[in-house]
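A quick write-up on the structure given underneath.
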Amino acid sequence: MKYFEQDFLDFFNELKENNHKEWFHANKKRYEKQVKNAFSSSVSAIIEEIQEHDSELNIDAKDCILRINRDIRFAKDKTPYNLHVTAFISSGGRKDKSVPGIFVRFSPEMVGIMGGCFGPSKEQLQGIRSTISQDPASFRKIIEEKKFKAAFGDIKGDAIKRIPKDLKAAFEQEPLIANKQFYCMAQRESELLLSDKLISELMKYWHTMRPFNDYLSEAIR
């Protein structure tokens, strides 16, 4: 099934040149149909596909999708709207980005596909590091798996600069233990949004990242 029309891409290209409330309000009906409703339908479809393999995922699209409005309170850039749509599809949804899942961002430039643990708490981070340090080879096997490596490359995330004494031995075995975030990321061409294969292609990435997500989910419990 096809979820997006060319006007989804056109809307954001035009918004880039007219990022103000007057233009947005004048194009509100267009936004509702071509962007908001279309994106919600695609996220619902992804959720339904995942539920075929993971019965524990119980969430609605509305609880996964971030607002198009930017938080400009402390930003130098005061343009009010994002130039993309984003959803955090996991049991935590948009309110808890520490829960591993598949996170998607659609824009005229790309289809962004992400997985892993974006914002672990101090306790969750300790759990991840402890799990890795107990068996670094198992963690390395997951992130070096051929399909995973081809799809996502290296694990992303900010890292601490000074390694505490209690982590130095584990750090020597697995440098990623210094990370404060553990996520993977891939990009596809924006033309994929106009294809009826969008959901099936995204599900390929979900299956590929699932062992990584499962590992982190166990570690943060």
TODO: Among Asp196, Ile199, Leu193, Asn37, find the one that has a side-chain contact (heavy atoms from CB on, under 4.5 Å) with Tyr3.
DONE: Ile199
- [ ] Step through it carefully: locate the ring centre of Phe148, locate the ring centre of Trp206, and say whether they are under 6.0 Å apart.
- [x] no
TODO: Flag yes if more than 12 heavy atoms outside Gln126 fall under 6.0 Å of its CD atom; otherwise flag no.
DONE: no
Open item on the list: Is there a path of hydrophobic side-chain contacts, each under 4.5 Å between heavy atoms, that joins Trp23 and Val85?
Closed with: yes
Open item on the list: Is there a side-chain contact between Gln6 and Leu194 in this structure, where contact means two heavy atoms from C-beta onward sitting under 4.5 Å apart?
Closed with: yes
Open item on the list: Just so I know, are the side chains of Ile132 and Leu176 near enough to count as touching, which here means a heavy-atom distance under 4.5 Å?
Closed with: no
Open item on the list: Please find the pair of heavy atoms, one from Ile128 and one from Cys117, that lie closest to each other, and give the distance.
Closed with: CD1-SG, 4.2 Å
- [ ] Evaluate the side-chain contact (heavy atoms from CB on, under 4.5 Å) criterion for residues Arg94 and Arg67: first the C-alpha distance (whole Å), next the side-chain angles of each, then the deciding distance (0.1 Å), finally the verdict.
- [x] CA-CA 10 Å; Arg94 67 174 186 269; Arg67 299 175 67 219; over 6 Å; no
Task: Reported CG-to-CD distance for the pair Leu198 and Glu191, which is rounded to 0.5 angstrom - done: 12.5 Å
TODO: Evaluate the side-chain proximity of Ile102 to Ser90: yes if any heavy-atom separation is below 4.5 Å, no if none is.
DONE: no
Task: Heavy-atom closest pair, residues Ser98 and Gly119 - done: CB-O, 3.4 Å
Task: Nearest-0.5 Å distance, CG of residue Asp63 to OG of residue Ser91 - done: 11.5 Å
- [ ] Look at the side-chain heavy atoms of Ile, Leu, Val, Met, Phe, Trp and Tyr, link any pair under 4.5 Å apart, and say whether Ile220 and Leu125 land in one connected group.
- [x] yes
TODO: Using the side-chain contact (heavy atoms from CB on, under 4.5 Å) rule, take Asp54 and Arg210 through it: C-alpha gap first, then chi angles, then the decisive distance, then the call.
DONE: CA-CA 10 Å; Asp54 182 4; Arg210 188 176 187 183; 4.2 Å; yes
TODO: Side-chain contact test, heavy atoms from C-beta onward, threshold under 4.5 Å: evaluate it for Gln124 versus Leu216 and give yes or no.
DONE: no
Open item on the list: I'd like to know if Leu57 and Ile65 are part of one continuous hydrophobic network [Ile/Leu/Val/Met/Phe/Trp/Tyr, side-chain heavy atoms within less than 4.5 Å].
Closed with: yes
Open item on the list: Parallel, tilted or perpendicular, judged at 30° and 60°: which one describes the rings of Tyr81 and Phe24?
Closed with: parallel
TODO: Measure across Asn213 and Gly116 and return the closest heavy-atom pair with its distance rounded to 0.1 Å.
DONE: OD1-N, 2.9 Å
Open item on the list: Give me the atom names and distance for the closest heavy-atom approach of Gln181 to Asn179.
Closed with: O-ND2, 3.0 Å
Task: Phe106 and Phe12 aromatic centres sub-6.0 Å - done: no
TODO: Measure the acute angle between the ring planes of Phe88 and Phe103, then classify it against the limits of 30° and 60° as parallel, tilted or perpendicular.
DONE: tilted
- [ ] Report yes if the side chains of Thr79 and His20 come closer than 4.5 Å at any heavy-atom pair, otherwise no.
- [x] no
- [ ] Evaluate the ring planes of Phe11 and Tyr31, with Trp represented by its six-membered ring, and classify them as parallel (under 30°), tilted (30 to 60°) or perpendicular (over 60°).
- [x] tilted
Open item on the list: Quick test of your reading of the model: are Glu201 and Lys204 salt-bridged, counting only N-O distances below 4.0 Å?
Closed with: yes
TODO: Give, for atom NZ of Lys16 and atom OG of Ser107, the distance between the pair rounded to the nearest 0.5 Å.
DONE: 9.5 Å
Open item on the list: To the nearest 0.5 Å, what is the distance between CD on Glu52 and CE on Met203?
Closed with: 9.0 Å
Task: Aromatic ring pairing Phe4/Phe39, orientation class (parallel under 30°, perpendicular over 60°, tilted between) - done: tilted
Task: Lys29, NZ atom: more than 12 neighbouring heavy atoms under 6.0 Å - done: no
- [ ] Examine Met185 and Val99 and state if one hydrophobic cluster contains both, with Ile, Leu, Val, Met, Phe, Trp and Tyr joined whenever side-chain heavy atoms are less than 4.5 Å apart.
- [x] no
Task: Heavy-atom check, side chain of Val43 versus side chain of Ile89, under 4.5 Å - done: yes
Open item on the list: Minimum heavy-atom separation for Pro211 and Thr208, please, with both atom names.
Closed with: CD-O, 3.5 Å
Open item on the list: A side-chain contact here means heavy atoms from C-beta on lying under 4.5 Å apart; do Ile177 and Ser133 qualify?
Closed with: yes
Open item on the list: Take a 6.0 Å sphere around NZ of Lys97 and say whether it holds more than 12 heavy atoms from other residues, nucleotides or ligands.
Closed with: yes
Open item on the list: If we ignore hydrogens and angles and just use 3.5 Å, is the side chain of Asn18 paired with the main-chain N or O of Glu14 as donor and acceptor?
Closed with: yes
Open item on the list: Is the shortest side-chain heavy-atom distance between Arg188 and Met110 below 4.5 Å?
Closed with: no
Task: Spatial distance of atom CG (Asn58) from atom CD1 (Ile47) [nearest 0.5 Å] - done: 9.5 Å
Open item on the list: Can you tell me how far apart NZ (Lys62) and OG (Ser44) are? Round to the nearest 0.5 Å.
Closed with: 10.5 Å
- [ ] Would you name the heavy atoms of Met209 and Gly115 that are closest together and state the gap between them?
- [x] SD-CA, 3.6 Å
Open item on the list: Restricting to salt bridge (Lys or Arg N to Asp or Glu O under 4.0 Å), what partner residues turn up for Asp7, sequence neighbours left out?
Closed with: Arg30
Open item on the list: By the side chain to side chain donor-acceptor pair (under 3.5 Å) test, which pairs, at least two apart or in different chains, include something from residues 135-164?
Closed with: Asp135-Ser138, Arg140-Glu144, Arg140-Glu174, Lys149-Asp154
TODO: Walk me through it: do Leu167 and Arg129 pass the test side-chain contact (heavy atoms from CB on, under 4.5 Å)?
DONE: CA-CA 9 Å; Leu167 287 180; Arg129 287 173 173 167; 4.0 Å; yes
- [ ] Group every Ile, Leu, Val, Met, Phe, Trp and Tyr by side-chain heavy-atom contacts under 4.5 Å, then state whether Tyr183 and Phe152 land in the same group.
- [x] no
